[in-house]
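Counting convention: from 1, in listed order, for ligands and their atoms alike. What you see below is based on every heavy atom in this structure, not just the backbone, and it leaves out hydrogens, waters and symmetry mates.
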Amino acid sequence: MPNKQDTMNNNSSDAHNKIDTLIAHAGRHPETFHGFVNPPVVHASTVLFPDVETMVAGKQTYSYGRRGNPTTDSLEEALTELEGAAGTRLANSGLNAIALAILSCVKAGDHILIADTAYGPTRNFADTVLPGYGITVEYYDPLIAGDIRKLFRPETTAVFTEAPGSLSFEMQDVPAIAAAAHEIGATVLMDNTWASPIYCRPISLGVDLSIQAGTKYIVGHSDVMLGTISASERAWEKLDRLCGAMGSHVAPDDVYLGLRGLRTLSVRLERHQKNTLTVLDWLKDQPGIEKIRYPALDSDPGHAIWKRDFSGSSGLCAFDFQAGTTRDDAYAFLNALDLFGLGYSWGGFESLAIPVRLKGMRTVTPLDEDLQSVRLHIGLEDPQDLIGDLDQALKRTFG
Ligand SMILES: *Cc1c(COP(=O)(O)O)cnc(C)c1O
């Protein structure tokens with residue numbers, strides 16, 4: 001798999017290209033596939049060698065299906081360029097990418113610090129798998145910034161970040177955390193699914209392992225599970241080795257759909273952002289709504305960090321109903337929605353909603369607000385129709 005340097009050398013103009021140009025060109029080599037714009041979907045296990053000498057020398061570009069093919073290389077190379085990484089590995093799902101990334105930088109006896117706002121299944125992996133391998137898991141206040149130094153132990157080897165926080169949307173000072181972690185040689189991980197590689201470039205913030213649930217915006221059409229891990233120079237070798245040892249492999253049809261989605265990521269996100277800002281500008285003034293959770297709003301406590309570290313915002317946000325709203329009210333509102341589907345995941349072209357109960361979700365910084373909340377994914381529909389849908393559901397629920 002080409003590293004960033006090779007890629008740049010193959011097409012030295014890339015170093016100066018802006019992100020939209022990179023998205024259109026990264027990872028494509030039409031000259032190697034008869035001029036076709038896109039790479040073939042390579043279904044493969046066995047790869048043949050011309051002679052036994054080539055076989056035993058281990059120098060042929062492709063040697064076995066599990067170890068990659070032109071389809072997987074294309075997506076990995078594109079993401080490596082977009083993320084400014086040393087290399088990228090694909091995973092079966094976002095959660096699988098998180099698990100592989102963590103396993104690549106911790107070993108028995110180590111201590112890992114994980115943001116208290118991490119995605120729930122990340123916590124489940126950390127709590128149920130890591131202790132069994134002798135790894136100590138500790139959660140930290142997502143707002144800790146450089147004070148994370150106070151939690152470092154001699155055996156701390158990894159710090160996991162996620163911004164904005166899952167369901168509650170707190171921003172983290174990732175550069176301050178990364179700078180502190182690097183003082184003790186720890187690896188910094190970031191779940192960057194919300195912003196995608198377009199609106200946040202974790203490696204430029206000091207992150208070593210930048211993780212995407214590709215299932216969301218990269219695929220973008222609610223039809224494939226995919227994960228990606230892009231690594232800095234210092235984390236790449238260990239990641240590559242671990243993924244190889246684990247037999248990690250993604251089916252070529254799914255990789256191809258990831259590549260196809262990637263090509264339109266920027267224009268889709270621009271519209272998700274615009275629609276979300278339009279919908280929230282209306283929603284914030286509606287009776288019954290207590291608070292909007294979305295760092296791109298001036299009023300959000302994480303706004304300054306978002307503005308400093310991110311170049312845009314996506315379609316995922318949440319709001320809290322006013323105190324006193326019952327669970328039955330919140331459910332009635334969700335059931336009254338027509339354009340917003342009720343479903344997990346997000347990042348596709350369509351709008352979604354789920355109920356959220358923040359109370360009891362954290363262990364370090366309890367969110368004991370006894371509120372009913374809703375997470376929305378604002379899709380690519382006309383925002384006035386989405387507002388109309390929310391409006392009728394609010395009116396039917398609260399009169
Ligand atoms: C959905 C999600 C994941 C997991 O991705 P899957 O592909 O569903 O496994 C990880 N992190 C965040 C922030 C997510 O939203």
| note | Logged contact type for Ile98 with ligand 1, heavy-atom cut-off 4.0 Å, is side chain
| field | Mutual orientation of the aromatic rings belonging to Trp194 and Tyr294 [parallel < 30°, tilted 30-60°, perpendicular > 60°] | value | perpendicular
| field | Short N-O contact, Asp370 and Arg357, less than 4.0 angstrom | value | yes
| task | Report yes or no: does Tyr217 contribute a side-chain atom to a donor-acceptor pair with the main-chain N or O of Gly315 at less than 3.5 Å? | result | yes
| query | Does a side-chain N-to-carboxylate-O contact under 4.0 Å join Arg201 and Glu83? | reply | no
| field | Residue and atom name of the nearest protein heavy atom (relative to atom 15 (O) of ligand 1), distance in Å to one decimal | value | Lys216 NZ, 2.7 Å
| remark: The side chain to side chain donor-acceptor pair (under 3.5 Å) partners of Asn96 (sequence neighbours excluded) come to Asn92
| What's the shortest distance from atom 11 (N) of ligand 1 to any protein heavy atom, and which residue and atom give it? | Asp191 OD2, 2.6 Å
| Residue and atom name of the nearest protein heavy atom (relative to atom 6 (P) of ligand 1), distance in Å to one decimal | Gly94 N, 3.3 Å
| note | heavy-atom search around atom 7 (O) of ligand 1 in the protein gives Thr215 OG1, 2.5 Å
| query | Where's the contact between Leu95 and ligand 1, heavy-atom distance under 4.0 Å: side chain, backbone, both or neither? | reply | both
| query | For the residue pair Phe169 and Phe319, is the inter-centroid distance of their aromatic rings smaller than 6.0 Å? | reply | no
| Numbering the atoms of ligand 1 from 1, which are under 4.0 Å from a heavy atom of Glu162? | 13 (C)
| message | Side chain, backbone, both or neither: which applies to Trp194 and ligand 1 if a contact is any heavy-atom pair less than 4.0 Å apart? | response | neither
| query | What protein heavy atom sits nearest atom 5 (O) of ligand 1, and how far away is it? | reply | Ala213 CB, 3.2 Å
| Which residues satisfy the ring-ring contact (aromatic ring centres under 6.0 Å, His included) test with His43, sequence neighbours excluded? | none
| Atoms in ligand 1 with a heavy atom of Ser93 nearer than 4.0 Å | 7 (O), 9 (O)
| said: Side chain or backbone, does Asn96 bring an N or O within less than 3.5 Å of an N or O on ligand 1? | reply: no
| message | With heavy-atom distances below 4.0 Å as the criterion, list the atoms of ligand 1 near Trp346. | response | 15 (O)
| Identify the closest protein heavy atom to atom 8 (O) of ligand 1: which residue and atom is it, and at what distance? | Met225 CE, 3.5 Å
| request: Would you give the length of the straight line joining atom CD of Gln273 to atom CD1 of Ile378, rounded to the nearest 0.5 angstrom? | output: 13.0 Å
| message | Could you check whether Lys216 makes a cation-pi contact with Tyr344, meaning its NZ or CZ is under 6.0 Å from the centre of the six-membered ring and within 45° of the ring axis? | response | no
